[in-house]
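Quick notes on the structure that follows.
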Amino acid sequence: MEETDNFLLFHGFSALTNLGFLILVFIIWVCKRVNTKGLEGPKQISNNQIHSLAVQLLVLDASSSVIGLFLCYVGFSVKNEGDTMSHVVYEPLLDGRSSVVSDRIDSKHDDERNQTITPSATGNIFSRLTFYWIQPLISVGYNKRLDLDDVPQLDSLNNAKRSLSVLRNKLELVKTKSCKMNSFSLAKAVMLSAWKDIVTTGLLSLLSTLASYVGPFLIDTFVKYLNGPQDLNAGFLLVSAFFVAKIVECLAQRHCDFKLQQAGIKVRAALVAMIYHKGLTLSSQSKQGQSNGEIINFMAVDADRISDFSKYMHSTWLIIVQVGLALAILYKNIGISSLATLVATVVVMISNIPLGSLQEKFQEKLMQCKDKRMKTTSEILKNMRILKLYGWEMKFLSRIDDIRSDEARWLYDFLFTMAVICCAFWVAPTFVAIATFATCMLVGSPLDSGKVLSALATFKNLQESVFNLPDTVSMIVQTKVSLDRVASFLSLPELDSDLVEIVPRGCSNTSVEIVDGNFSWEVASCNPTVTDINLTVFDNMKVAVCGPVGSGKSSLLSCMLGEVPKLSGTVKLSGTKAYVGQSPWIQSGTVEQNILFGKAMDKECYEKVLEACDLKKDLEVLSFGDQTVIGERGINLSGGQKQRIQIARALYQDADIYLFDDPFSAVDAITGNHLFKEGMMNFLESKTVIYVTHQVDFLPVADLILVLKDGRIAQVGKYDDIIKLKSDFLELVGAHKEALLEIDYVSENQGNHGTFENRIQDEGQNGNLLQMEVKKRQLVEEEERERGKVASSVYWKYLTTAYKGVLTPLVLLAQVMFESTQISSNYWLAWASSTSEGNEARVSGFEFIMVYAAFGIGCSFCILARSLLLMKAGYETANQLFYKMHFCIFRAPMSFFDANPSGRILSRVSTDQTEVDLTIPYLIGPFAYVVIQLLGIILVMSLGAWPVFLVFLPVVGICIWLQQYYLPSARELARLVGVCKAPIIQHFSETISGSTTIRSFDQKQRFQETCFKLIDNYSRPKFHVAAALAWLGLRLDMLSSFLFAFLLIFLVSVPEGTIDPSTAGLAVTYGLNLNMLQAWAIQKLCRLEIQFISVERIFQYSSIPSEPPLVIDSNRPDHLWPSRGKVDIHHLQVRYALHMPFVLRGITCTFHGGTKTGIVGRTGSGKSTLIQTLFRIVEPTCGEILIDGINISSIGLHDLRSRLSIIPQDPTMFNGTVRSNMDPLEDYTDDQIWEALDKCQIGDEVRNKEGKLDATVTENGDNWSMGQRQLICLGRVLLKKTKILVLDEATASVDTATDNMIQKTLRQHFSDSTVVAIAHRITSVVKSDMVLVLNNGLIEEYDSPTTLLEDKSSSFSQLVAEYSMRKENV
């Protein structure tokens, strides 16, 4: 690859060497010719003039030589890394076949090889010099809407995988020298990884800067030419020098900008990939301090910020070069007075230091608040269903609003400081000019119009750098903060890969061995989580782990996986492993993809796994079978279905060791029995299986039972041996026997085994007819993106959001006044100074300076007003958009969250909101400023040469046409950038949530590869956006250069005396910036529309259809409602979306007040959907639900949900404290909270925690066991105590003894309440007053348990018989 680089570079250099030297010779000849012409003539030349011309010649020679020589390099070494693509890539593209690629390369790699590589890698010199290679893509985008498939692939040197490899190597090199990771070492590694781009762009920047000062350098000569005898040849040579310098400046600047953005894209890709890898390997302790939202912020905000700094990389040293060049030109013109310029410039820069420090402080605080907000938002989005069930969503919205209030305070300080800095630097050129000219007056340096205009042109040139200095300072500050944050994250401890020793399979007959193991989730803690573990598990053994809630069962499995820090001892595993967690982790994707989990399809094995996990009937119900796309976290699956898919994933991997963390608690009794027998005992007959369970009936068949208590193995042995001992194990078995006694009398019926699933009511109902009429669609579909240009209504809404748009015209007025004042001040300088050194000035020196100073003060006030008004308008608009968008998101129905993964939403509230906070106002404002400045330049140029205005009109027309041609492609590419970012966030979020599962299956590499692909998909449109912008910018620059050349030709062609030389000189002075400002105007307009897509996306989420009202004032129920708790359901039909099948298909029943109704049925039969309809999480499609005679659809959602209580299927705790989790609305006293905790038997556990009620709860309650979380959920309902209580698998995560305790507590405290309980444990249902049996969305049976049990053929009777069979084993 290195040889290819050198080969291409040599040929490029050889091909254009002649052209480069021709340009070099031409520039030197022109500059010398112009100056020697000045020596001819009848006038005698003074020594001072000769000295001045000698200096001029020397500077011209030096700059011209540098420009000419370096142009040779630029023409060919603005090299695209794609040149180094291997022949393996190119040969198929050239001849349609590949004789190089081996047959062993799979189809995936064949597809990648045949994809189009970006033309920047294959274009010729002219194509690359003029960015013509991007034009085919722009043309496609002009004729049709661009899709990601239309965007070429990145070449091998620009992709994420290589970028990460380079950065990682450099980081290791830096760390070897410094022995630590910090922001400096990270910054150094980033710089080293992109050093070629940095050097190339540095040289290009230097070339562009040198060329930009040719104009100011020659203006004095040009004015002298207009004042003296005019030789047309000398005039045209002067015009040529101006023109060639402009062309060189344009080419160098465009290639520099493009290369910097290209380098930024590679750096971002490497950082995102590195952050992802770190998130995948974080230790448990590190993970507790970093939430998903914070890690996403590192990727979505900080990596972008570091990447964006590439645009400002050279600004810091270039300003020194520019000041040096400016001083050299000024010294040539005004001599020693130029020192005043240096002093004034240094004062301006020094004044920026304290403001920069303030900005760094504000930026750091701002990012901390943003992290906190993203952390909270991410957690809320994951648990939105729970919040809506509890009626807490508006309370949690207020938490977000409170965090935003803190963030907004720091944002205001940051923006105010930025406005002050901006004001200071806009005024700086005027301040420097006043200081310089005043010094000239004091020391008596003569000032003629040529020297004044040359100085003005120099100040204007310097002004660009000075204008950019606030942005540069701001970016340095923001990048420093982001580097600190990313470096801090990357330096966190990773999971120790040596915690578990992996022994090759077959070395011994031992699968798992733990010797003297002591483990703790918190290394610094004095109390180990699991201690004194000595365990040997032989091949093919089935080991059961049981114990009370919080005894350390799940932690023991985590120790075997290497997830828990090891304090002492050894852990050995022999062979591969598979893990099934207690909380199912499901990826977004199809059912098939979740089961295969990266493994190749083996149809026979796949079918056996589906059979073993009892999934075939579920796949028949799903609209697209195993190709059905699962929503985020399995949102469109029941809890049992998610768990069975997770088990199927493990079975399909064909591992040697299987670790099951109580997966059977989420499924019904029959399904659980099927999974245990067919899945675990038969399918895994020849495997080693260690399973945690609360179900005693699964224990007798185990080869070994571990009974845990307080983190220790209290007993170990076979079932028959342990049962003989008086121990805690007897309590578990005794509780199970006690539960079975409730249904003892049905044991005689166990011989009749009907098939529960086969007795389904007639399905010919209206619901099916409706279902057939609607086209099938997946629940989760591609993200919506707008078409065409950003609507003018979006701009109008944005501009009028704050103060109804009153500030917008005031900002424009301030800029118009500033531009008018500045033009007047410059015209005053040109008019008031003498036309030549021998002539007398029109006004006195004092008047000259005082009038100019007055204009300067006027400019200062205008700039101050403009900066503060813009800051205030942008700040208020960002806040209002934030609050409106978040309100709409929180009020959205659950169908919105089901169809939109959290990554999409997080992309809006992080990236897009950041754009609105910090970027959009500072695009709109400068665009308006540039347009006004441009109009001012045309006005001044027209005063000097009115025909320019005639040429200006067609040039503007061409510019607008180019912009219209370019914009459709740029706009869609920018939208693709936004759309392609959400999958990265989504993948991040899912990976971090399922990192334990990913690591246990040894799938880190596959997930990293997926991350690379997603990053490249994001980088592709971003890369081509930069190229398209360079394409447009170069063409606009050329047009402006030709317009400027026309002005110069006109001025040198008109007869002497026709135009005032001072006015003509002023026109040329302004014309020097024409190309820059005209290009800026069009580019800023294009960038504005592209960036405004963020506003468009926020407006999308600010108009989400809302749920029904929280409160309907005209129909509020009595404060005692419901007094009886009677629930009437009539002809209820429910589906989750119009394009989805009915889940409930015509249910009619009544839950009488004060009774307990148990709902049973096969997994996926509609039990949880019925509960969600009761809470109006899902609105009925047909039918109605009445509570105490009131139709629940006729009252407000808050009035409904606040009067009901629920213990949900997934026990959820939020980041905060025990108190905030028990009572987030702050309605109860501490004594009431303690009373509720004691009732649910977890009060003592909380008292033992540090902080008690203020004990820390981490994100998702990860520092509490699943059973403890379930008890906290029970405590919430005991605290609230309503007339209607719903239990959705409330005891799934606890042992039988705890289950019995919970049932007893509920009977005691909710004896007069209506209790609706979904339960897979028949013992929890058998004491109910009524039993509702659901099957496939229909009521199969509804009667009292006694009546149903009397009918031996009833589904409930057979369900009980199936469950009671296990009694024989106990």
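Note that the numbering runs from 1 along the sequence shown for the chain.
- Of the possible donor and acceptor atoms, one in the side chain of Ser212 sits under 3.5 Å from a partner among the backbone N and O of Thr209.
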Step-by-step side chain to side chain contact (heavy atoms under 4.5 Å, CB included) determination, Tyr1101 to Ile889: CA-CA 7 Å; Tyr1101 274 29; Ile889 290 173; 4.0 Å; yes
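- Using a cut-off of 4.0 Å between Lys/Arg side-chain N and Asp/Glu carboxylate O, Glu972 and Arg975 are scored as salt-bridged.
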Stepwise side chain to side chain contact (heavy atoms under 4.5 Å, CB included) test for Ser969 and His1024: CA-CA 10 Å; Ser969 302; His1024 289 90; over 6 Å; no
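- Within the 6.0 Å centre-distance limit, the rings of Phe258 and Phe1023 are counted as a close aromatic pair.
- To the nearest 0.5 Å, atom OG of residue Ser820 and atom CD of residue Gln815 are 9.5 Å apart.
- Here the CE-CG distance, from Met374 to Leu906, works out to 4.5 Å after rounding to the nearest 0.5 Å.
- Not counting sequence neighbours, the partners of Phe298 by the ring-ring contact (aromatic ring centres under 6.0 Å, His included) test are Phe489.
- For the 3.5 Å distance criterion, the side chains of Ser1094 and Glu915 fail to qualify, holding no donor opposite an acceptor.
- Side-chain atoms of Leu935 and Leu939, non-hydrogen and from C-beta on, never get closer than 4.5 Å to each other.
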All N/O donor-acceptor pairs, side-chain side in residues 802-814, below 3.5 Å, sequence neighbours left out:
none

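- With rounding to the nearest 0.5 angstrom, the CG atom of Leu260 is 10.5 Å from the CZ atom of Phe309.
- Between Thr479 atom OG1 and Arg305 atom CZ the span is 7.5 Å, to the nearest 0.5 Å.
- The shortest non-hydrogen separation linking Ile1093 to Arg971 is CD1-O, 3.4 Å.
- With rounding to the nearest 0.5 Å, the separation of CG in Leu962 from CH2 in Trp1031 is 5.0 Å.
- Residue Thr316 comes nearest to Ile319 through the heavy atom pair O-CG2, 3.2 Å, listed as atom of the first residue, atom of the second, then distance.
- Around atom CE of Met1038, more than 12 heavy atoms belonging to other residues, nucleotides or ligands sit under 6.0 Å away.
- In this view, Phe1092 and Tyr795, Tyr798 satisfy the ring-ring contact (aromatic ring centres under 6.0 Å, His included) rule, not counting sequence neighbours.
- Between Ser860 and Cys423, the closest heavy-atom pair is O-SG, 4.3 Å.
- For Thr801 and Thr877, the side-chain atoms include no donor-acceptor pair closer than 3.5 Å.
- By the neighbour-count criterion of 12 heavy atoms within 6.0 Å, atom CZ of Phe416 is sparsely surrounded, having that number or fewer from other residues, nucleotides or ligands.
- Here the closest non-hydrogen pair linking Ile1098 and Gln913 is CD1-OE1, 3.9 Å.
- Other residues, nucleotides and ligands contribute at most 12 non-hydrogen atoms within 6.0 Å of the CH2 atom of Trp796.
- In this structure the side chain of Met871 never reaches within 4.5 angstrom of the side chain of Met418, judged on heavy atoms.
- Pairs engaging residues 855-874 under the salt bridge (charged side-chain N to carboxylate O under 4.0 Å, His left out) rule: Lys872-Glu876 [sequence neighbours left out].
- Few gaps surround OH on Tyr883; more than 12 heavy atoms of other groups in view lie less than 6.0 Å from it.
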Side chain to side chain contact (heavy atoms under 4.5 Å, CB included) between Val323 and Val346, worked out: CA-CA 10 Å; Val323 169; Val346 170; over 6 Å; no
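- For the pair Ser825/Thr821, no side-chain contact is recorded, criterion being any heavy-atom separation below 4.5 Å from C-beta on.
- In terms of heavy atoms, Ala974 sits closest to Val1025 at N-CG2, 4.0 Å.
- The stretch residues 400-412 participates, sequence neighbours left out, in these side-chain hydrogen bond (donor to acceptor under 3.5 Å, both in side chains) pairs: Lys370-Glu407, Arg373-Glu407, Arg404-Glu407, Arg404-Asn879, Arg404-Asp917.
- For the pair Thr914/Thr919, no side-chain contact is recorded, criterion being any heavy-atom separation below 4.5 Å from C-beta on.
- Among all heavy-atom pairs drawn from Pro921 and Val916, the shortest one is CD-O, 3.5 Å.
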Derivation of the salt bridge (charged side-chain N to carboxylate O under 4.0 Å, His left out) call for Asp257 and Lys311: CA-CA 7 Å; Asp257 290 346; Lys311 302 170 192 174; over 6 Å; no
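- Between the CG atom of Leu967 and the CG atom of Leu973 there is a distance of 11.0 Å, given to the nearest 0.5 Å.
- Using a cut-off of 4.0 Å between Lys/Arg side-chain N and Asp/Glu carboxylate O, Arg268 and Asp302 are scored as not salt-bridged.
- Contact annotation: the side chain of Leu271 never approaches that of Ser307 to less than 4.5 Å [non-hydrogen atoms, C-beta and beyond].
- Taking the side chain as every heavy atom from C-beta outward, Gln368 and Asp371 never approach each other to under 4.5 Å.
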Check against side chain to side chain contact (heavy atoms under 4.5 Å, CB included), Phe459 and Thr341: CA-CA 9 Å; Phe459 293 145; Thr341 305; 4.0 Å; yes
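- At least one side-chain heavy atom of Tyr852 sits less than 4.5 Å from a side-chain heavy atom of Asn826.
- In this view, Phe882 and His886 satisfy the ring-ring contact (aromatic ring centres under 6.0 Å, His included) rule, not counting sequence neighbours.
- When atom types are taken as modelled, the side chain of Ser1103 and the backbone of Gln1100 share a donor-acceptor pair closer than 3.5 angstrom.
- The closest side-chain heavy-atom distance from Tyr922 to Leu870 is below 4.5 Å.
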Trace of the side-chain hydrogen bond (donor to acceptor under 3.5 Å, both in side chains) decision for Thr911 with Lys981: CA-CA 9 Å; Thr911 305; Lys981 191 164 193 175; 3.1 Å; yes
